[in-house]
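All remarks here apply to the structure that follows.
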Amino acid sequence: MTPDAIVVGSGPNGLAAAITLAQAGLKTVLREAQARVGGGLRSSELTLPGFMHDVCSAVHPLALSSPFFRTLPLAEFGLEWVQPSAALAHPLDDGSAAVLERSLDATAERLGPGGGDWRRLHSPFVRRWDELSHDLLGPPLRPPRHPFLMARFGLRALRSATGLAGSLRGTPARALFAGSAAHSFLPLESPGTAAFGLLLSVAGHAVGWPIPRGGSQRMADALAAYFRSLGGEIVTAAPVEGLDELQAARLVLLDLSPRQVLRIAGDKLPVGYRRALERYRYGSAAFKVDWALDGPVPWTAAECARAATVHLGGTLEELAASEAAHARGTVHERPFVLFVQPTLFDGSRAPAGKHTAWAYCHVPNGYALDVAGRIERQVERFAPGFRDRILARSVLAPADLERRNANLIGGDINGGMMDLRQVFARPVARPTPYRTPVSGMYLCSASTPPGGGVHGMCGHHAARAALAEVLR
Ligand SMILES: Cc1cc2nc3c(=O)[nH]c(=O)nc-3n(C[C@H](O)[C@H](O)[C@H](O)COP(=O)(O)OP(=O)(O)OC[C@H]3O[C@@H](n4cnc5c(N)ncnc54)[C@H](O)[C@@H]3O)c2cc1C
């Protein structure tokens, strides 16, 4: 068929864009460089046969909060969410663990003196998460639908994570907040880093931190199957090398980061826009380790077995030191580690009695040294005997991640730094950041608002902007 639209790249944003266009009746083709669809939503037997690992994203509070994904009939196309009984655990050296329960009250009760502070901080936003998530993940530069709620959130979110966490009483509450804020990949003293802590904790209470049964690939496969049911066509193992290959279509949506856009379309861009894309900044990277395990992780704090996600790194002060280190170009001896243990809740991913685990820490962009040992020491610190359970490991350094997905420039998993300036001017400051100066060409990746994470809203908004142009 001669397509109306071609979407390049099948990450969650490419899939969301393609679905939005197909829902509007456009003949849409999705082109993917790799053999399978999914981008950051791929799963693979990285270690041993029968052990299914998530190569990139593993835990999906943002997918469940996504105003667009929530409207799609993905369960009919094979997606099943698994909800661990707690969203997140954060062990400490005294053998205890702070736990982000689904219930705000249950969380607060166990946070000692900081419990009341935790409840007061989160409760107005947990109650109204539906409305707030629409505004937070909504189209950029539009007046919010709930301005007072957004203003209340914004006043807290614009603070630094260390500032807001420091206002909570007690080590457990501070550490629990700082762990979520550290998903920003930024020094925790930076203004705006509190936003990540607040957003992820509130989402944890409101919708949980779920995992897809069978692995994240199942979500990509469900999105792809739904897209095909709308008449969409998917072509895999088909990297796009230049814009000229896409001339047949009236609309071209690129689920790519600025560096690749410059590579495939640089000669078509006006100088000012090209320079602006060249100035786009990439952030720190992920260094990832996956394990096949002989048994479950032997946590000192038993509560850690109630959550798929466990944040390893200790106190607020330790986490702040770890996050300051990668921003300075080095890696802390005891880095903050994001750890996921999916098979405790989803036995389909490993042979009976065996387990998988997934982890990464933050390293400078393009970092070439091996920090797998430091990651394992952090796990061992809170789960002595962990190393004895390792059957096999897969190590993906920043360059390996980029080889598997060209969007992960230098191992940056957010499609570019998410500091205050670049959250709004993403990838450049324009009234419609998705539209490029080339007629019919749009950007729809995590390098556009609202940025990184599996929520599909960059793709959805870009497609809506493109449709508005077609209708005009
Ligand atoms: C290690 C890791 C852990 C993560 N953990 C989480 C998590 O737990 N929860 C969460 O919400 N998010 C997580 N993320 C972030 C999330 O995966 C990304 O933010 C999200 O996938 C971005 O989606 P996207 O569609 O913009 O791009 P991507 O998912 O990166 O997809 C881009 C696609 O474009 C394709 N492509 C690139 N160049 C070309 C070309 N020239 N021609 C054709 N196709 C091309 C790529 O192969 C890829 O399939 C993680 C990411 C990584 C890497």
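Start at 1 and go down the list; that is how both ligands and their atoms are numbered.
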- [ ] Measure the acute angle between the ring planes of F68 and H460, then classify it against the limits of 30° and 60° as parallel, tilted or perpendicular.
- [x] parallel

State if [X] counts as touching ligand 1 under the rule of any non-hydrogen atom under 4.0 Å.
X	value
P239	yes
W209	no
A58	yes
G14	yes
N414	no
H455	no

Flag yes if more than 12 heavy atoms outside [X] fall under 6.0 Å of its [atom1] atom; otherwise flag no.
X	atom1	value
R275	CZ	no
R464	CZ	no
R218	CZ	no
R156	CZ	yes

Which is closest to [atom] in terms of heavy atoms, [options]?
atom	options	value
atom 38 (N) of ligand 1	R404, K288, Q260	Q260
atom 2 (C) of ligand 1	A285, A220, A237, C56	C56
atom 31 (O) of ligand 1	G38, G242, G11	G11

Taking [atom] as the reference point, the nearest protein heavy atom with its distance:
atom	value
atom 49 (O) of ligand 1	E32 OE1, 2.6 Å
atom 15 (C) of ligand 1	I413 O, 3.7 Å
atom 39 (C) of ligand 1	L256 CD2, 3.5 Å
atom 46 (C) of ligand 1	N405 OD1, 3.3 Å
atom 45 (C) of ligand 1	A33 CB, 3.7 Å

Open item on the list: Exactly one of R70, H455, R128, M457 should register a side chain to side chain contact (heavy atoms under 4.5 Å, CB included) with S133. Which one does?
Closed with: R70

Open item on the list: Below a 4.0 angstrom heavy-atom separation, can you tell me which part of W358, side chain or backbone, both or neither, approaches ligand 1?
Closed with: side chain

Task: Contact check: Y360 vs ligand 1, nitrogen or oxygen atoms, below 3.5 angstrom - done: no

Task: Shortest non-hydrogen contact between F196 and S184, atoms and distance - done: CD1-CB, 3.3 Å

Task: Close side-chain approach of I375 and C361, heavy atoms under 4.5 Å - done: yes

Task: Atoms in ligand 1 flagged as close to S445, the criterion being non-hydrogen separation under 4.0 Å - done: 26 (O)

